[in-house]
Amino acid sequence: MDLIEINDTNYQSYTHIPIVAFSFAHGGAMGEPGGIIIIDSEGQTYHANYVYGDDHLDPSHIKDVIPVFSHLSFSLLGCQTENTDWEYVALGFGNNLLVRKDLSDRFNKAVEEAHFEYAGQLYQRWKGIVMSLLGISRSKQ
């Protein structure tokens with residue numbers, strides 16, 4: 001599946017995505033500062049950036065695409081949510097991940113079984129883990 005770009009000109013077309021997991025990076029994060037990756041229940045992947053790019057996604061529109069964003073509180077150590085439908089996973093260095101609760105137990109088990117040697121490995125592999133839990137093979141990614 002192709003990566004779908006979400007920006008300020010098209011975000012209204014993506015306000016009802018059945019999101020199962022999404023990552024977002026703070027403006028000073030390692031990797032892609034301001035980057036957002038969303039995976040939906042069919043394995044479609046979306047990308048947005050709320051910091052960089054000529055046609056970025058305005059931060060005020062993030063909650064329109066990702067409603068749980070309005071339930072997040074941020075700190076220097078990551079974020080928290082009072083929304084019990086989501087579980088937070090730290091990806092390190094300003095990168096954050098939220099996994100829908102009905103998938104989070106299997107996600108956590110897969111991460112545990114992977115025996116990552118350092119936090120950056122989860123940052124690199126979380127998308128593949130989610131896709132595999134959705135039953136989507138690498139050839140379709």
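We number each residue from 1, following the sequence as shown. None of these values were measured; they are calculated from a predicted model.
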Just wondering, are more than 12 heavy atoms of other shown residues or ligands nearer than 6.0 Å to CZ in F116?
yes
Heavy-atom closest pair, residues D58 and D8:
N-OD1, 3.1 Å
For the residue pair W126 and I39, what are the closest heavy atoms and their distance?
CZ3-CD1, 3.7 Å
When rounded to the nearest 0.5 angstrom, what distance separates CG in D102 from CZ in F107?
13.5 Å
Closest non-hydrogen contact found for S70 with P67 is OG-O, 2.9 Å
Got more than 12 heavy atoms from elsewhere within 6.0 Å of CD, E42?
no
Shortest non-hydrogen contact from P33 to G28?
CB-N, 4.4 Å
Any side-chain to backbone donor/acceptor pair from D64 onto Q12? Under 3.5 Å, distance only.
no
Donor-acceptor contact present, side-chain Q121 to main-chain Y118, <3.5 Å:
yes
Measuring from atom CG of L98 to atom OG1 of T81, what distance do you get when rounded to the nearest 0.5 angstrom?
6.5 Å
Closest non-hydrogen atoms of Y123 and E32, given as atom of the first, atom of the second and distance, are OH-N, 3.9 Å
NE2 of H61 to OG1 of T15, rounded to nearest 0.5 Å, is 11.5 Å
Can you give each donor-acceptor pair under 3.5 Å made by side-chain atoms of residues 16-25, sequence neighbours left out, with the distance rounded to 0.1 Å?
none

Would one find more than 12 heavy atoms of other residues, nucleotides or ligands at under 6.0 Å from atom OH of Y52?
no
